[in-house]
Amino acid sequence: MKPAPFDYQAPDTLREAIDLLASNPEAFVIAGGQSLMPVLAFRLATPSLLVDLRRLPGLGNIAVGDDGLSLGALVSWRDIEDDRRLVAAHPLLHAAVVHIAHYQIRNRGTVGGSLAHADPAAELPGVAVTCEGEITLCGPAGSRTVRAGDFFTGPLSTLRRPDEIITELQLPKWPSSRRWAFRKYARRDGDFALAGILLFYDEDRQGALRNAHVGVIGACPRPHRLTGVEAVLNGHAIDDGLIRQAAATAAEEVDPPDDLHGDAAYRRGLVATLIARGLRAVAQNGDA
């Protein structure tokens, strides 16, 4: 199918873009278009106006600083993949982005587009939630910052208002000694995850885990942390028994839907397996 007719504007400033959205309740924002264009092609949405952000200055920046990492909304997956600073500054983000779709899509897809689209199987929302990221939005009333854990409210649903534009994702500073894993299972390479996990932890001087963060994508209506699994991990040295306990807790804690790709029990099993594989790989190799 083809999209329904729409008007098109490519403003030069953020204020102009916000004014266009505020004056037209049926307007949509477009950045890379990798999520929006299929929606328009199937006429699942019929906006009267597309506001293209490609000319807005400053939204394509990646900043690595003492307080963490800042990603502008127009940063593409390929920008992240090619920025070698991020291999050390945020290895979990870098590893997750490499698994997004295929290189053609990574050339066009953007940080802001993925956050706004809020697919529960998408990698970046999972990184944002697991790593306690913060999302900055700008609208007619000014800017506001929302915790990523609060931003995603359900499948393809967020706290973003129709007249707001996502401008930035901030991720906290990543310690060099931190251990981490990303695991994803999809039917084909490049597909969305049937289930995926993101985890990291720090260690104290005795080797006990602390500050464990475990996130899940794909097997849930929205990306979220598995706090029960985190509680199992914190305060203990990692061994086979702890890994089995964490995997079993993950299977109990996650609440996946049934769909044509797999029932809830299958996805619970996937999450448990991915947790176990991720933890085992981290214990053996330091990261995964």
Side-chain angles (χ1 to χ4, degrees), residues 14 29-36 52-119 121-138 145 148 151 165-184 186 189-190 192-193 196-200 202 213 215 217 223 278 281-282 285-288:
L14 182 60
V29 170
I30 185 169
Q34 299 307 293
S35 299
L36 180 60
D52 193 337
L53 305 184
R54 63 188 177 90
R55 294 179 178 171
L56 303 190
L59 298 189
N61 296 333
I62 299 175
V64 179
D66 293 338
D67 56 348
L69 173 64
S70 170
L71 301 172
L74 294 183
V75 170
S76 73
W77 308 132
R78 194 58 184 267
D79 293 335
I80 295 172
E81 190 175 353
D82 290 346
D83 193 327
R84 303 311 298 173
R85 296 177 300 167
L86 301 185
V87 175
H90 210 296
L92 180 57
L93 168 69
H94 192 269
V97 164
V98 172
H99 286 83
I100 294 176
H102 305 284
Y103 74 88
Q104 297 96 330
I105 289 174
R106 292 199 296 273
N107 284 340
R108 294 286 301 169
T110 63
V111 166
S114 179
L115 297 174
H117 188 59
D119 192 302
E123 289 83 356
L124 183 68
V127 172
V129 170
T130 304
C131 298
E132 299 190 51
E134 294 185 335
I135 297 165
T136 300
L137 305 101
C138 291
T145 299
F151 182 73
I165 295 172
I166 295 171
T167 58
E168 185 183 14
L169 170 65
Q170 304 98 33
L171 297 173
K173 186 176 178 62
W174 186 273
S176 59
S177 60
R178 176 166 288 167
R179 298 192 170 195
W180 59 271
F182 174 81
R183 286 290 185 273
K184 166 184 170 180
D189 185 39
F192 280 112
I197 64 95
L198 310 93
L199 66 87
F200 68 81
D202 304 316
H213 285 55
I217 60 174
V282 174
N285 305 319
D287 55 60

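Nothing here was measured: the structure is a model prediction, and the numbers come from that model.
For Asp82, the CG atom sits in a packed shell: over 12 heavy atoms of surrounding residues, nucleotides or ligands are nearer than 6.0 Å.
Side-chain contact check for Ser114 versus Pro125: some heavy-atom pair is nearer than 4.5 Å. Looking at Asn107 and Trp77, their side chains never come closer than 4.5 Å, going by heavy atoms from C-beta outward.
Smallest separation of non-hydrogen atoms from Ile100 and Glu123: CG1-OE1, 3.3 Å. The minimum heavy-atom distance linking Ala89 with Val64 is given by the pair CB-CG1, 3.8 Å. Here the closest non-hydrogen pair linking Val127 and Ala96 is CG2-CB, 3.8 Å. Residue Thr167 comes nearest to Leu59 through the heavy atom pair O-CD2, 3.7 Å, listed as atom of the first residue, atom of the second, then distance. In plain terms, the two heavy atoms of Asp202 and Pro175 that are nearest each other are OD1-CG, 4.4 Å. Nearest heavy atoms, Phe192 versus Asp119: CZ-OD2, 3.8 Å.
Checked against Val87 for a side-chain contact (heavy atoms from CB on, under 4.5 Å), the options His90, Arg84, Arg85 give a single hit: Arg84.
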Leu36 vs Val29, side chain to side chain contact (heavy atoms under 4.5 Å, CB included): CA-CA, chis, key distance, verdict: CA-CA 9 Å; Leu36 180 60; Val29 170; over 6 Å; no
Side chain to side chain contact (heavy atoms under 4.5 Å, CB included) between Leu124 and Leu93, intermediate numbers included: CA-CA 8 Å; Leu124 183 68; Leu93 168 69; 3.8 Å; yes
Residues Thr145, Glu134; criterion side-chain hydrogen bond (donor to acceptor under 3.5 Å, both in side chains); working and verdict: CA-CA 6 Å; Thr145 299; Glu134 294 185 335; 5.4 Å; no
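From Thr110, atom OG1 reaches atom CD1 of Ile80 across 9.5 Å, with rounding to the nearest 0.5 Å. Atoms CD and CG, on Gln170 and Leu69 in that order, are 9.5 Å from each other to the nearest 0.5 Å. With rounding to the nearest 0.5 Å, the separation of CG in Leu115 from CG in Leu71 is 9.0 Å. Taking NE2 from His94 and CH2 from Trp174, the interatomic distance works out to 13.5 Å, rounded to the nearest 0.5 Å. In this structure, CH2 in Trp180 is found 6.5 Å from CG in Leu92, a value given to the nearest 0.5 Å. The CD1 atom of Ile30 lies 10.0 Å from the OG atom of Ser35; values are rounded to the nearest 0.5 Å.
For Glu81, the salt bridge (charged side-chain N to carboxylate O under 4.0 Å, His left out) partners at least two apart in sequence or on another chain are Arg106.
Between His99 and Phe182, the two ring planes are tilted [angle within 30° to 60°].
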